Structures are given as structure tokens and as C-alpha cells.
Amino acid sequence: MTLGERQGDEKNDSKYCGVETEFNDDMPLLLSLNIHGGFDFVVAPLMDPAYRPSLLVSSNGGSGVLPFVGSDLVLSPSQWSSHVVGKISSWLDLDSEDEMVRRDSEITLKQEIAWASHLSLQACLLPAPKGVTCANYARCVNQILQNLSNMQLWLRIPLEKSDDDDDGGRSPNSMGEEHRDSWEMWNSFRTLSEHHSQLSVALDVLSSLPSVNSLARWFGEPVRAAIINSNSFLTNARGYPCLSKRHQNLVTQFFNHSIQIVLSGQQMRNLPTGTSGSNSHNNNNQSEVIEGMQRHPLRSYLDYIAYLYQKMDPLPEQERFELGYRDYLQSPLQPLMDNLEAQTYETFEKDTTKYIQYQRAVAKALVDRVPDEQASTITTVLMVVGAGRGPLVRASLQAAEETGRKLKVYAVEKNPNAIVTLHSLVKIEGWEKIVTIVSSDMRCWDAPEKADILVSELLGSFGDNELSPECLDGAQRFLKEDGISIPSSYTSFFQPVTASRLYNDIKSHKDLLHFETAYVVKLHRVARLTSPQPVFTFNHPEDLTKKSNHRYKKLRFEMPTDTGSALVHGFAGYFDSVLYKDVHLGIEPSTATPNMFSWFPIFFPLRTPMCVQPGVPIEVHIWRCCGTSKVWYEWGVTSPSSSPIHNCNGRSYWVGL
């Protein structure tokens with residue numbers, strides 16, 4: 001039974017809730033009790049916890065049958081793969097000082113993973129590392145991962161971090177257990193395991209939570225599950241389990257990031273008789289007795305988690321549209337070298353918000369350009385450069401109609417296929433006397449007259465990354481000296497992020513080229529570590545005699561002090577543009593235009609992720625370089641340590657002129 005259905009998010013794995021169980025050698029009964037109790041899967045031990053390889057060897061020479069929970073035949077293959085996550089023995093200590101314990105742990109780990117793989121389980125839960133070092137544990141796990149097929153290994157990590165600010169800051173001499181950040185344990189383990197894509201995290205959610213900034217780091221990490229013990233719950237006025245507001249917000253974020261909830265522990269209090277305390281919110285509860293079996297002791301906790309899931313708002317239409325693009329790396333467009341296809345035009349043209357903003361900008365420009373008393377006598381010359389299939393032409397004409405201004409439009413487009421559509425549009429709409437179609441590259445066209453207003457939609461995810469500056473510089477020669485460019489300016493922004501999934505996707509290509517390419521991507525499983533900062537600004541029209549489009553910027557980021565350490569996998573890029581006066585358009589998170597989907601952010605990866613300690617700044621340098629036939633970016637980090645300069649001379653990624 002799932003937690004519920006959320007409109008537009010039917011494929012979200014977080015609607016499946018699991019339960020952590022103790023060892024039971026009757027696996028069919030264990031599964032039946034928990035599935036009928038409302039859970040979707042069990043996290044169950046595969047091996048008798050009393051087993052030790054050294055004891056087996058000493059008692060019978062090592063020839064005994066391993067004490068697994070029955071044979072593979074006790075459940076069907078689909079039951080094993082769909083309803084069981086293997087729980088690796090919690091006594092394992094692969095970094096123990098005791099050689100026998102360490103050796104027993106190594107052998108048992110490999111035996112249990114081999115058995116889980118034989119059962120075709122989708123995942124196994126590894127116990128949390130013990131002590132301050134995990135080198136041998138990580139080495140053994142990495143060995144296993146080299147030959148593991150598709151199974152995920154979830155490393156159990158307690159969600160804890162001591163707050164340095166509680167007592168005015170940590171003293172230089174406070175070390176060890178006084179300052180504990182479990183993220184450091186995870187980072188050490190995954191670094192030793194070479195950032196393997198099949199190694200992920202199961203967070204143990206405790207009754208006390210770290211700061212909001214500290215929690216936010218984890219959403220850029222490969223967290224697959226969150227284990228919530230019953231002792232983390234409070235009791236409401238009616239005597240039923242509930243969670244604190246902070247825990248509720250955290251669980252909702254887990255749901256939004258496809259992180260599955262696993263309940264653990266025992267029923268902490270005697271609950272009132274009757275149905276669940278969340279029954280007023282959820283009418284799908286089963287009766288006290290299910291098919292003759294006693295009600296599951298954690299059923300009230302499950303009902304509460306289901307209530308939290310079901311009370312989430314449905315996904316907005318824009319989010320539903322973007323679901324398939326989440327964390328999917330796309331190469332940026334080459335707008336000058338390549339002609340867009342009809343399907344690409346179709347997608348962009350559906351973004352009504354963008355064209356409403358353009359229409360507002362053109363309307364304001366027309367009113368400023370032509371006083372009301374001259375509206376019937378003056379005809380404004382407007383040029384749409386890069387007209388595509390005509391959406392900006394339509395927006396401009398609607399602005400003219402709205403303001404009562406007369407307009408003469410030149411639609412300049414280099415794509416011969418789009419020109420066919422433009423001619424058809426002009427004929428259908430009856431614009432033949434108003435709109436002149438020009439089949440030419442704007443940089444080469446010899447305009448018959450100069451324009452009052454120049455309108456373009458050449459912006460990329462990073463503002464200038466689709467060569468808007470170069471194109472508009474070429475078109476500026478046919479704009480009047482007092483003419484208006486829409487957009488009039490645009491600025492790019494940079495932001496350090498944790499993005500484990502994106503890093504692993506790029507790493508899977510096993511080459512330099514992919515680490516030196518900037519990707520357009522709908523960022524989802526990322527942690528934004530600081531606020532974005534502005535990078536390059538371009539203004540139009542510009543004094544071309546004094547200007548170069550080459551740019552360089554050094555940025556210094558400082559993470560909030562309560563975040564703790566974090567891993568920077570790269571930098572997210574955004575843009576914000578001023579179309580005209582107070583009409584803006586952009587995707588920079590703090591000022592993003594609502595309900596607009598034409599642009600996703602851009603991601604600049606780092607070849608080697610960089611660990612940033614609290615209080616240490618991140619210094620990054622970025623260059624926009626211009627050659628005779630291409631434009632490209634180079635980027636590199638100089639603090640907390642130095643990285644190579646990425647994409648030197650545009651060897652891996654560039655945009656052709």
C-alpha cells in the first residue's frame with residue numbers, strides 16, 4: 001500500500017514506505033505481517049546476528065551451511081526484488097583494532113552481499129562506520145562495488161552535527177566527539193570508494209536536527225532513504241504520534257526529492273484504542289484487525305507519514321512539464337551553427353510567460369517612443385532579429401494594438417525552414433502590409449532603413465552563452481542612435497553547488513571532454529551552498545568602438561557558518577535580463593520569473609570535487625574568451641585549493657560564431 005497518490009508525481013519512489021525489522025528466520029511470515037500492516041517493503045537482516053565465521057570454522061572446520069534467513073525459494077523472485085532490502089549485520093566493524101573481529105567482519109560483509117546479489121535485491125543497507133576511521137570498511141565496499149551488478153548499497157549515516165554557534169563558537173581545542181559532523185564520515189567513505197554511483201546514503205533521522213543550512217547539504221548527495229525511529233516522534237493532544245514542525249518540513253523535502261521513508265523501532269507509547277489519530281485526515285485506514293492479524297505496532301506512525309504525504313500540494317503544471325528533465329544533462333544549443341528543429345521551436349513557443357513579458361516591454365517602449373498625440377501619424381520601425389517562427393512578431397503587434405501605436409515590422413531569420421513558417425503565418429494573419437520577412441543572418445543583412453526598436457530572444461541559460469552579444473553587436477548598425485534594444489541588458493550569475501548525481505553522470509563518460517563542458521540542466525538533486533553572485537553584464541546598444549566581449553571575473557563565496565563542510569561538484573549558472581526599464585526576465589533563483597520554462601540553469605563541473613571546510617572561502621575564476629570562429633568559457637578554483645583551469649583554449653566546449 002503506497003502512502004498515497006500525488007497528482008503529476010506518480011513515478012516518485014518516496015510514496016513507498018518501508019519498515020526496519022529484527023532478524024526472523026521465517027521470512028514469508030515476516031514479509032506478510034509487514035506488507036499486510038501497510039508497509040511496501042522491509043529492511044530485514046539476511047544473516048543470523050549470532051553468526052561469526054571464526055566460530056563456524058572452529059566448531060566444524062568451516063563446512064557448515066551459512067545461517068541465512070531460509071533459502072531463495074521461500075519467496076518468489078519478485079517478492080525478493082520488490083519488497084526486501086537486505087540489512088547487513090550491524091555488528092560488523094571492519095576497522096576494529098581486534099584482528100579477529102576485523103577479519104570476521106570482512107568475510108561476513110562479502111558473504112551477505114553475495115547472497116543479496118543472488119536474491120536480486122535492489123538494495124542493501126550497510127551499517128554506519130564505527131570509530132573515527134573507515135578506511136578498511138570503504139576499501140572492502142569498493143572491492144565489492146567493482147563487481148556488483150545493479151544493486152545499490154545504502155550506507156547508514158546518522159543525521160547529526162553539533163552546532164558551533166550554540167556556545168558562541170567552537171574553541172580551538174575542542175575536538176573529536178565535542179564536534180561531530182556525520183557528513184564528514186560520509187564524505188570520507190565515498191571519497192575512499194571513488195565516488196561510486198552505486199554507493200548511496202540512508203540517513204538516520206534523530207530526535208534532534210541540525211541547522212537548516214546543514215540539512216540542505218544532503219539534498220545534493222545520493223540519499224536514497226531516511227530511517228525515522230519511533231523515538232523521534234512526539235505525541236499529539238489525542239495521544240497519537242506526530243512530528244515536530246522541523247521534522248515535518250524535512251520529511252516533505254524527502255518526499256520532494258524521491259527519498260523513501262523507512263520506519264524503525266518499537267511503539268513508544270500505549271495508543272488510544274480505535275483507529276489512528278490521523279484518521280480525521282486520512283479515511284483509508286484499515287480496521288484494527290487485518291485478515292485475522294493484530295494491527296501493526298507501527299501502523300499509527302505509518303498513517304502519520306501517509307498524512308504528511310497526502311497533504312502536500314499537487315505539483316504545479318510547470319513542474320510536471322519539467323519532471324523528465326530533472327538532473328538530465330543537455331548540451332547547450334549552437335544557435336549560429338545549427339538550425340533549430342520544429343519540435344524545439346514548439347517547446348519554446350509554449351512559454352507564454354516569456355512572451356507576455358516581451359509584449360509588456362515592447363508596449364512600454366512604444367509609449368515612450370511615440371507620444372499619445374502622435375500615435376496616429378508616426379509609424380515605429382521595429383526589427384525582430386532571430387524571429388524564429390514568429391512569436392516575437394506576434395507579441396510586438398499585440399503590444400502595438402494594445403497601445404494604439406502604428407508599427408512596421410522586419411522579421412529577420414537565418415533558418416530557411418523557419419522562414420517557410422513565417423510566410424505562412426503572415427499570410428494567415430493578414431500581416432502582409434505590416435511585416436516584411438528577411439531571410440538572412442542579422443550580422444550580414446543590409447537593412448533598408450534604421451530601426452527604432454530592436455527585439456531579440458538570443459539569451460541562453462548563462463545570458464551570453466548563445467552569443468547574444470556577438471549577434472546584437474552585428475545588428476546594432478541598423479539601430480538608430482537613440483534606438484531601443486529589447487533586452488537592454490543581461491547579467492550572468494554563478495553559484496557553488498553539491499551535485500553528486502550530475503558529477504557521477506559526467507564521470508561515467510571517463511574522459512576529459514565531458515568534465516570541461518557546460519551543461520543545461522533542470523537542477524533538482526542539488527544543494528545550493530551560497531547565494532549566487534553576478535558574473536558578466538552586457539548592455540545594448542553598446543559603444544562598439546570601446547568594447548570587447550572578452551570578460552574575466554574572480555568571485556569569492558563564503559558558506560553560512562552553520563552549514564559545516566560541503567563538497568563542491570561544480571557551479572550553477574543563471575541569468576537575469578532587463579528587457580526594458582522595469583520589465584525583467586530571468587532564472588536567477590531570488591528574482592526568477594515565475595512559471596517560465598524556456599531556460600534551465602547551466603552547470604559548470606569540476607574535474608575533481610572540492611571539499612570546503614567551515615570558514616574557508618571558495619574562490620573561483622571564470623573567463624569568457626573570444627576567437628575568430630568561436631567563443632568559449634574557461635573556469636578554475638583557487639581556494640580552498642587550486643584546480644586545473646578547465647576548458648583551456650576551448651578544447652572541449654565552445655560555441656561557434
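Sequence positions, counted from 1, serve as the residue numbers for this chain. Please read these numbers as outputs of a predicted model, since none were measured by experiment.
Between Arg190 and Leu567 there is a side-chain heavy-atom pair separated by less than 4.5 Å. Side chains of Ser531 and Gln533 form no contact here, defined as non-hydrogen atoms less than 4.5 Å apart. By the 4.5 Å heavy-atom criterion applied to side chains, Val620 and Ile622 are not counted as neighbours.
Annotation for Gln318: atom CD counts as buried by contact number, over 12 foreign heavy atoms lying within 6.0 Å. Asp511 CG: more than 12 foreign heavy atoms inside a 6.0 Å radius.
Contact record, Leu425 with Arg394: CD1-NH2, 3.1 Å, taken as the closest heavy-atom pair. The two residues Tyr633 and Trp635 have their closest heavy-atom pair at O-CZ3, 3.6 Å. Scanning all heavy atoms of the two residues, the minimum distance from Leu458 to Cys471 falls at CD1-CB, 3.6 Å. Considering all non-hydrogen atoms of both residues, Ser14 and Ile259 come closest at CB-O, 3.2 Å.
Ion pairing of Arg224 with Asp13 is absent here, as no side-chain N (NZ or NE/NH1/NH2) approaches a carboxylate O to less than 4.0 Å. In this structure, Asp464 does not pair ionically with Arg551, as no charged nitrogen and carboxylate oxygen lie closer than 4.0 Å. Electrostatic pairing of Glu470 and Lys630 does not count as a salt bridge here, judged by no charged N lying under 4.0 Å from a carboxylate O.
Here the straight-line distance linking atom CE of Met383 with atom OG1 of Thr436 works out to 9.5 Å at 0.5 Å rounding. Note that CH2 of Trp218 and OG of Ser500 are 11.0 Å apart. Values are rounded to the nearest 0.5 Å.
Residues passing the salt bridge (charged side-chain N to carboxylate O under 4.0 Å, His left out) test with Arg369 are Asp452, Asp482, sequence neighbours excluded. Applying the ring-ring contact (aromatic ring centres under 6.0 Å, His included) test to Phe600 and every residue at least two apart in sequence or in another chain returns Tyr325.
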### Query
Glu481 and Lys450: salt bridge (Lys or Arg N to Asp or Glu O under 4.0 Å), yes or no, with the steps?
CA-CA 9 Å; Glu481 284 193 12; Lys450 293 208 168 186; over 6 Å; no

### Query
Yes or no on side chain to side chain donor-acceptor pair (under 3.5 Å) for Asn339 and Asn417, after CA distance, side-chain angles and deciding distance?
CA-CA 8 Å; Asn339 290 323; Asn417 302 309; over 6 Å; no

### Query
Can you list the steps and then say if Asn415 with Tyr345 is a side chain to side chain donor-acceptor pair (under 3.5 Å)?
CA-CA 12 Å; Asn415 184 350; Tyr345 282 121; 3.2 Å; yes

### Message
Before you tell me yes or no, could you show the steps for Phe557 and Phe494 under ring pair (Phe, Tyr, Trp, His ring centres under 6.0 Å), namely the whole-Å CA-CA distance, both residues' side-chain angles and the distance that decides it to 0.1 Å?
### Response
CA-CA 10 Å; Phe557 296 95; Phe494 229 38; 7.3 Å; no

### Task
Could you walk me through whether Glu319 and Lys522 pass salt bridge (Lys or Arg N to Asp or Glu O under 4.0 Å), step by step?
CA-CA 10 Å; Glu319 284 291 318; Lys522 168 62 178 174; 3.6 Å; yes

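Judged by distance alone, the side chain of His584 and the main-chain N or O of Thr591 form a donor-acceptor pair under 3.5 Å. Looking at Glu634, its side chain does come within 3.5 Å of a backbone N or O of Asn649 through a donor-acceptor pair. Remark: the backbone N or O of Val367 is not paired with any side-chain donor or acceptor of Thr403 at under 3.5 angstrom. Using a distance-only test at 3.5 Å, with no hydrogens or angles considered, a donor-acceptor pair links the side chain of Ser488 to the main chain of Val578.
A cation-pi contact, defined as under 6.0 Å to the ring centre and within 45° of the axis, is absent between Arg389 and Phe348.
Proximity of the aromatic rings of Tyr503 and Phe515 is defined here by a centroid distance below 6.0 angstrom, and this criterion is met. Aromatic ring centres of Phe462 and Phe604: separated by under 6.0 Å. Ring-centre distance between Phe575 and Tyr490: not below the 6.0 Å cut-off.
No option in Val455, Val362, Leu585 other than Leu585 meets the side-chain contact (heavy atoms from CB on, under 4.5 Å) test with Leu579.
Relative ring orientation between Phe219 and His257 is described as tilted, the plane-to-plane angle lying within the 30° to 60° band.
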